[in-house]
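Remember, predicted model here, so these are calculated numbers, not experimental data.
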Amino acid sequence: MAQNKNKENRDGKKELIKASDNKTFSLKDYFLINVAFLVFLAVICLIIYFTTGRQWDEVMSSIYSFIFLVFGGGFAFVSAFDYIYDRVTKKSEGNN
């Protein structure tokens with residue numbers, strides 16, 4: 001009886017995975033997600049700016065550059081990689 005229960009759970013999980021695989025994001029979706037993340041980073045930078053005494057010097061400039069280049073650029077790179085990966089795997093699934 002316990003074995004049948006495990007099979008039902010496994011099959012149920014497979015069905016959920018198959019249902020979520022049908023949803024792919026468009027290029028517009030990735031762009032909007034990246035814009036939303038950059039707005040989030042801008043809000044973080046504003047919070048940093050106001051909580052550190054509204055100073056704009058070399059140190060703060062390098063902090064803002066780090067936030068946008070590392071976090072924003074990294075997020076954009078991962079989004080581009082995910083977009084390409086989704087398209088390649090979707091094509092390979094169609095060939096099988």
If Ile, Leu, Val, Met, Phe, Trp and Tyr residues are connected whenever their side-chain heavy atoms lie under 4.5 Å apart, and connections chain through other members, are [X] and [Y] in the same group?
X	Y	answer
F31	L27	no
F77	Y85	no
I63	V43	no
M60	I44	yes
F68	V70	yes

What distance separates [X] [atom1] from [Y] [atom2], expressed to the nearest 0.5 Å?
X	Y	atom1	atom2	result
L46	L41	CG	CG	11.5 Å
C45	F71	SG	CZ	10.0 Å
D57	T52	CG	OG1	8.5 Å
F75	I33	CZ	CD1	6.5 Å

Report task. Test side-chain contact (heavy atoms from CB on, under 4.5 Å) on T24 and D29 and set out the steps. Result -> CA-CA 9 Å; T24 57; D29 293 333; over 6 Å; no
Query raised in the report: Should the ring pair F40 and F37 be called parallel, tilted or perpendicular, given that the plane angle runs from 0 to 90° and is split at 30 and 60?
Result: tilted
Query raised in the report: Would you call the rings of Y64 and Y49 parallel, tilted or perpendicular, where under 30° means parallel and over 60° means perpendicular?
Result: tilted
Query - Side-chain heavy atoms of I84 within contact of R87, under 4.5 Å - result: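 Not in contact.
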Requested in this report: Write down the atom of L38, the atom of G72, and the distance for their closest heavy-atom approach.
Outcome: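 It is CD2-CA, 4.1 Å.
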Requested in this report: Looking only at non-hydrogen atoms, find the nearest pair between I47 and T51 and report the distance.
Outcome: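 Looks like O-OG1, 2.7 Å.
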Report task. Determine, step by step, whether Y30 and D86 satisfy the side-chain hydrogen bond (donor to acceptor under 3.5 Å, both in side chains) criterion, reporting the C-alpha distance in whole Å, the side-chain angles of both residues, the deciding distance to 0.1 Å, and the verdict. Result -> CA-CA 12 Å; Y30 282 105; D86 282 345; 2.8 Å; yes
Query raised in the report: Does CZ in F50 sit with more than 12 non-hydrogen atoms of other residues, nucleotides or ligands closer than 6.0 Å?
Result: yes
